[in-house]
Amino acid sequence: MVRGFSSIENHFISLIHASKTTSHLRQIHAQILHHGLIESSSMVVTQFIASCSSFKSINYALSIFHNFPNPNLYIFNALIRALSDNSQFQSLISYFSLMLQQNVRPDHLTFPFMLKSAMSLLEFRLGATLHAGIAKLGLEFDSFVRISLVDMYAKVGSLDHALQLFDETPVRTKATNMLLWNVLINGCCRSGDVQRAVKLFEAMPERTSNGDHKRALDTFYRMLDVGVKPNDFTVVSALSACSRIGALDAGVWIHDYILGNEFRINKEIGTALVEMYAKCGEIERANRVFCALKEKDLLTWSVMISGWAIHGCCEQALSCFEEMKSTGINPDEIVFLAVLTACSHAGLVDQGLLVFNSMWFHSVKPTVKHYACMVDLFGRAGRLEEALKFIESMPIEPDFVIWGALFCACRAHKNIEMAELASKRLLQLDPKHAGSYVFLSNIYAGAGRWEDVERVRHTMKSRHIEKPPGWSFIEVQGCVHSFIAGDQSHVLTEGIYRKLEELTVRAREQGYMPNTGWVLHNIEEEEKEDSLGSHSEKLALAFGLISTPSGSVIRIVKNLRVCGDCHSMMKFASRVCEREIVLRDIKRFHHFKDGACTCGDYW
DNA sequence: ATAGGGTTAG
């Protein structure tokens with residue numbers, strides 16, 4: 001019972017709180033209407049909107065809102081929160097404008113939800129505008145607002161802003177401090193997320209670099225240095241940063257830290273650990289951690305299955321999938337995608353078809369990604385006619401990725417006519433996409449039409465169409481080094497290039513010719529040819545060779561697909577330098593040993 | 001003190 005309101009209001013508040021479904025709400029609605037409260041009690045309406053939101057009935061919430069004359073701050077805040085919780089970020093912004101128009105002054109509870117929309121939309125400008133508004137209203141030092149600001153800046157990739165605000169936050173309670181550290185670390189690794197990085201690259205005034213994962217780890221260590229004890233959220237974020245950059249040593253260190261500091265290995269931590277080992281190349285260890293977990297949910301199974309898939313272990317992926325189903329967990333679309341990917345990489349067409357067809361039984365509707373995976377499955381195996389038939393029979397409109405998969409398969413299996421068909425579709429679909437230009441350029445190059453190649457490249461440059469830069473990470477003695485193509489910023493640059501030169505010369509002597517013609521590349525992800533000789537993964541390899549003890553495993557992580565030339569070089573280096581090289585690219589793992597790769601040159 | 005408060009895994 002809340003004091004200060006009429007007993008009839010309190011009566012309805014209790015009813016609203018006790019409601020379990022939208023239809024309960026509708027019954028209460030009728031009564032409130034009868035009492036005239038729906039247009040007069042801002043308190044009741046506020047509660048009502050909040051409850052609609054928790055049942056995901058955002059349109060119901062909006063209709064209630066629109067029936068209330070002169071909504072006050074509480075009602076606006078409830079609505080903004082509802083829109084935020086239901087991911088209606090665009091309309092949230094217009095209701096915020098409406099709020100300002102109606103002279104309702106936003107407060108310290110309005111802004112965090114507004115900032116959340118800036119994060120979700122990856123809108124630096126919106127975030128900065130909100131920040132200015134916050135300062136104007138003197139809300140900058142409210143701890144909730146502060147945390148949201150740091151969170152927002154970190155998530156949209158403006159880590160400098162985030163760090164500055166973080167450092168400039170004077171008074172912190174223990175809880176605030178913990179949250180500040182966690183949102184900063186988590187934001188660092190999120191902003192380094194490849195997909196986000198691509199989006200940011202297109203949308204942001206300040207481009208993010210994938211070195212941000214490294215900053216997440218640095219921040220984690222800084223936290224320990226100043227004696228702040230990490231909690232569950234912190235270690236999950238730090239492990240996630242390790243997963244993304246393949247920092248195995250750091251990941252193991254954090255695992256030990258968890259074991260030594262009385263953490264309970266809950267679902268979140270367990271899943272993060274399994275993912276870390278899987279994505280850092282230690283699939284067997286991932287499996288051991290996975291088997292020992294007491295709590296597993298869909299996500300846990302999902303990272304394990306994806307782990308087997310990216311390591312090319314199709315059998316294990318399939319049996320893990322079966323085991324998951326037998327425990328009564330219903331697979332979702334991401335799990336299916338992982339299983340299909342595993343089948344595709346192993347060339348198991350019929351098995352893949354079986355899995356694809358079983359999606360209906362689990363009421364999982366295939367998305368365009370699943371269809372693309374199926375095209376890839378047929379295409380890789382050289383069953384091009386079936387791939388085309390599959391595309392024609394799809395209930396959805398084929399997109400860029402689907403035609404791209406067919407194109408690659410046609411190229412690999414040398415079906416020129418079908419490749420032409422696919423490339424035409426590609427160009428129709430997305431004339432602005434950087435990948436289209438590279439596709440076009442490659443088609444011309446293949447036909448020897450060099451003037452056309454030049455023209456396309458020129459157009460690309462003049463329209464400022466750029467591709468996300470390729471980068472590679474290598475961890476040496478717990479320290480992560482990142483390289484981009486042609487990188488000269490590393491302190492050991494001279495030695496790196498000398499080693500690379502030496503390797504290239506020896507490779508040529510022994511007849512290692514880059515043979516990329518038949519490789520199943522997604523051309524969209526390829527790097528520019530002119531920097532082929534100093535691709536980031538080659539630089540990372542050379543650095544690894546000169547800075548790690550002989551005989552030790554070299555682990556490299558790349559954000560794009562490995563190129564054919566670099567792949568040959570890795571095979572060569574694994575033999576002549578007697579090193580095992582574990583390379584993770586965006587799609588899968590390559591384990592090089594004695595001049596061969598576990599992908600069987602089929603990726 | 002008239003209602004409303006924050007982070008983590010595929």
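As the structure is a prediction and not an experimental result, all values here were calculated from the model. Every chain is numbered from 1 and lettered A, B, ... according to where its sequence line falls, protein lines coming before strand lines.
- For the OP1/OP2 pair of B:dT7 and a distance below 4.0 Å, the side-chain nitrogens and oxygens of A:Asn186 include no atom meeting the criterion.
- A:Glu275 comes within 4.0 angstrom of the backbone, heavy atoms only, and of no base.
- Comparing B:dG10, B:dA3, B:dT7 against the side chain of A:Lys116 picks out B:dT7 as the nearest.
- An OP1 or OP2 oxygen of B:dG10 is reached within less than 4.0 angstrom by no side-chain nitrogen or oxygen of A:Lys267.
- Test A:Thr176, A:Asp151, A:Thr169 against A:Arg146 for side chain to side chain donor-acceptor pair (under 3.5 Å) and you get one pass: A:Thr169.
- Here the nucleotide nearest the side chain of A:Asp332, chosen from B:dG10, B:dT8, B:dA3, is B:dG10.
- Among the nucleotides B:dG10, B:dT7, B:dA9, the one closest to the side chain of A:Thr271 is B:dA9.
- When the nucleotides B:dT7, B:dA3, B:dG10 are ranked by their closest atom to the side chain of A:Val335, B:dG10 comes out on top.
- Residues A:His370 and A:Glu333 bring no donor and acceptor atom of their side chains to less than 3.5 Å of each other.
- Within the nucleic acid shown, A:Ser143 comes within 4.0 Å of at least one base atom, counting heavy atoms only.
- Out of B:dG10, B:dT7, B:dA3, the shortest distance to the side chain of A:Val303 is found at B:dG10.
- A:His591 and A:His311 have tilted rings, their planes meeting at an angle from 30° to 60° on a 0 to 90° scale.
- Counting atom types as modelled, A:Ser42 pairs a side-chain N or O with a base atom of B:dA3 as donor and acceptor under 3.5 Å.
- Set against B:dT8, B:dA9, B:dT7, the side chain of A:Asn182 has B:dT7 as its closest nucleotide.
- Checking B:dG10, B:dT8, B:dT7 against the side-chain heavy atoms of A:Ile334 singles out B:dG10 as nearest.
- For A:Phe233, whose side chain is taken as the heavy atoms from C-beta onward, the closest listed nucleotide among B:dA9, B:dA3, B:dT8 is B:dT8.
- In this structure, A:Tyr371 and A:Phe356 have perpendicular ring planes: the angle between them is above 60°, well past the 30° mark.
- Nearest nucleotide to the side chain of A:Thr46, out of B:dA9, B:dA3, B:dT7: B:dA3.
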